[in-house]
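What follows is a set of notes on a single structure, which appears directly below.
One-based numbering, in listed order, for ligands and for the atoms of each.
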Amino acid sequence: MAKPKKKWGQNFLRNRGAVEKIVAAVEPEPGDVIVEIGPGEGVLTGKLLELGHPLVALEIDPELTGRLAARFAGLDVRTADALDAPLPEGPYRAVGNLPYNVGTPILRRVIADPNCRRAVFMLQKEVADRLVAKPGTEQYGYLTLYGQVFAEARILMRLGPKSFYPPPRVDSAVVVLDPLAQPRTTDREGLLELISTSFRMRRKKLINNLIGWRGLTRADILPVLTAAGVDPDIRAEQLSLAEVEGVRSCLFPFPTIGRVP
Ligand code: SAM
């Protein structure tokens, strides 16, 4: 066994039941490639191969890729950083016990990719809780809405530190993310920019986060909130995605405050 490297978030899964449950949740359909992110020693890889679909394994640690190639003959394992490695150009399902230090950016990248058909990711529990948070709760914020723009998220299971070697200092959870069948907006970029602006300070009133954005004044924004049916006193942390989308669709048609050409 290789000595676990902290810099790459190497906390290897040691819970057989969890392995079975994660692999079962992938449910690949005909034509789907499976992309495993951070295969480590291969605890998930062996079971994923049994699903009988082409599998691409992206692992940053060259020592581990060497071991995986030796253990699984013919495995397509690449020494690569999942933050920027090419992803398949056709439909795929992503799965992985993600390294906690880069779990959120990897997740954000994968769910925004149009070829992703499902993602099953082990994450730090706090990140998983943010993905499924309800408005008005402490966990609710930018990541919640970012996730909702692309996918439906549900928690498959929660695990304590003892399920890993070495045990991490945090609890973990497995999240299943399914891309939306119908987009929630006609202007994804505009919506993401508005979400980011609206949640600059999540405890602040929405209107105060928006003032100054693209030169907007209080007088510009108040009628937009009324037209969108959004309480002008609402705080960012209480806003639903439907409300942000309502504000966006009222804001962007106005030529003077519309999108920069
Ligand atoms: N899947 C294995 C398991 O469950 O035991 C290992 C999980 S471990 C939490 C995370 C794995 O991701 C490690 O093997 C680590 O080397 C790898 N890793 C870390 N950063 C990475 C990155 N940016 N791209 C690809 N793999 C990465």
Step-by-step salt bridge (charged side-chain N to carboxylate O under 4.0 Å, His left out) determination, Glu41 to Arg71: CA-CA 9 Å; Glu41 299 173 316; Arg71 178 170 168 196; over 6 Å; no

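- At a 3.5 angstrom cut-off on N or O pairs, Gln10 counts as close to ligand 1.
- Among protein heavy atoms, atom 6 (C) of ligand 1 sits closest to Gly38 O, 3.3 Å.
- With a heavy-atom cut-off of 4.0 Å, Val43 touches ligand 1 through its side chain alone.
- Remark: ligand 1 atoms within the under-4.0 Å shell around heavy atoms of Gly9 are 8 (S), 9 (C), 10 (C).
- At a threshold of 4.0 Å, the pair Arg188-Glu193 does not count as salt-bridged, since none of the basic side-chain nitrogens sits closer than that to a carboxylate oxygen.
- Ionic pairing of Lys47 and Glu20 is present here: one or more N-O contacts between side-chain nitrogen and carboxylate oxygen are shorter than 4.0 angstrom.
- Proximity to Ala82 (heavy-atom distance under 4.0 Å) selects the following atoms of ligand 1: 22 (C), 23 (N), 24 (N), 25 (C).
- Taking every heavy atom of Pro39 and a limit of under 4.0 angstrom, the matching atoms of ligand 1 come to 1 (N), 2 (C).
- Listed for the Asn11 side chain is no donor-acceptor partner under 3.5 Å among the backbone atoms of Phe164.
- Under a 4.0 Å criterion applied to the non-hydrogen atoms of Leu13, ligand 1 contributes the atoms 3 (C), 4 (O), 5 (O).
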Step-by-step salt bridge (charged side-chain N to carboxylate O under 4.0 Å, His left out) determination, Asp220 to Arg218: CA-CA 5 Å; Asp220 293 324; Arg218 181 174 293 273; over 6 Å; no

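- In summary, the atoms of ligand 1 found under 4.0 Å from a heavy atom of Ala80, numbered by their order in the structure, are 24 (N), 25 (C).
- Heavy-atom proximity to Leu58, at under 4.0 Å, picks out these atoms of ligand 1: 25 (C), 26 (N).
- The main-chain N or O of Pro161 is never found under 3.5 Å from a side-chain atom of Arg169 such that the two would form a donor-acceptor pair.
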